[in-house]
Amino acid sequence: MSNFKIYSTGIVAIALSLATGCTPTTPHDQPTSEVPSAQSVRTTESPSPTASPTASPTASPTASPTTPGQNNLSSSDRQFINEAAQGGLAEVKLAKLALKRGTSNAVKQFAQRMVDDHTQVNKQLKQLATEKGVTLPTSLNSTNKQVLQRLSKLSGATFDREYLNQMLEDHQNDVSAFQTEAEGGQDPDVKAFAAQTLPTLQQHLQQVSSLINPGSSTSTPTPTSTSTPTSTSTPTSTP
């Protein structure tokens, strides 16, 4: 009986030792199973910060092209536009003065053509300048003011002669400037304007030359002076 009790108590001790040995394993397994879950949560959240920077660079390039820069003209093109506008103002003002003070019908017809043609050219130039961001002069410069004041003091045949001489000089300069721009300008729109206007200015130069020297070789344009009252169609009918 004593041996049976010793044997039975030994079995109970072994069972208790096995029971106490198995219990520690379960708490060690739980943290190991929870650690990967925490890492998996972080890995799923990591793409979100990387997605936000990729979205901002793609949006910024699309915003910059929507604000294109204005057409930057060269200094020579810009100077041509300003000088052409100043010359156009002077042509119209001097022509209106000639309509009041001129004596010859031929001079008055020429002056009327200057008003019609240069008013039309000035409108086209103003539209071009607006597209190119150029502010045109709205008043005469000091040189043209002096010319206007000088002619304002004249009358009769003296006025006719001085006005025609002034128009001859002005249109010689105009033809030269417009031809230079039409051939060597940098901006295609400004070049096109110069090339389109050049034939009209050449006709003006031929006409005023024939009025000053009727017997010269430039008298061939004289018949066109008889049709000057229809000068409104001149810019469109230039060959």
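These numbers were taken from a predicted model, which means no experiment stands behind them. FYI, the numbering just counts along the sequence from 1.
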Nearest 0.5 Å please: distance from the [atom1] atom of [X] over to the [atom2] atom of [Y].
{"X": "S152", "Y": "K93", "atom1": "OG", "atom2": "NZ", "answer": "10.5 Å"}
{"X": "E131", "Y": "D189", "atom1": "CD", "atom2": "CG", "answer": "6.5 Å"}
{"X": "N165", "Y": "L211", "atom1": "CG", "atom2": "CG", "answer": "11.0 Å"}
{"X": "S104", "Y": "R161", "atom1": "OG", "atom2": "CZ", "answer": "13.0 Å"}
{"X": "L94", "Y": "R101", "atom1": "CG", "atom2": "CZ", "answer": "12.5 Å"}

(Q) Test side-chain contact (heavy atoms from CB on, under 4.5 Å) on L97 and F159; report intermediate values, then the result. (A) CA-CA 10 Å; L97 179 64; F159 175 88; 4.0 Å; yes
Q) What is the minimum heavy-atom distance between A85 and L136, and which atoms define it? A) CB-CD2, 3.8 Å
Q: Identify the two heavy atoms, one from P137 and one from L89, that lie closest to each other, and give their separation to 0.1 Å.
A: O-CD1, 3.4 Å
Q. Is the number of heavy atoms from other residues, nucleotides or ligands under 6.0 Å of K108 NZ greater than 12?
A. yes
Q | Exercise: do N173 and D170 side chains pair donor with acceptor under 3.5 Å | A | no
Q: May I ask you to check whether Q112 and D116 show a side-chain donor-acceptor distance below 3.5 Å?
A: yes
Q. Given the rule in the side-chain contact (heavy atoms from CB on, under 4.5 Å) test, do D174 and E91 qualify, once you have shown the distances and angles that lead to the verdict?
A. CA-CA 11 Å; D174 291 344; E91 298 288 354; 3.3 Å; yes
Q) Parallel, tilted or perpendicular for F110 and H204, by the 30°/60° rule? A) perpendicular
Q) Should the pair F193 and F178 be assigned to parallel (<30°), tilted (30 to 60°) or perpendicular (>60°) ring geometry? A) tilted
Q: Check each of M167, Q166, E169, M114 against V208 using the side-chain contact (heavy atoms from CB on, under 4.5 Å) test, and report the only one that passes.
A: M167
**Q.** Transitive ILVMFWY side-chain link Y163 to L99, under 4.5 Å
**A.** no
Q: Mind running side-chain contact (heavy atoms from CB on, under 4.5 Å) on T197 and L125 for me, showing each step along the way?
A: CA-CA 10 Å; T197 310; L125 182 59; over 6 Å; no
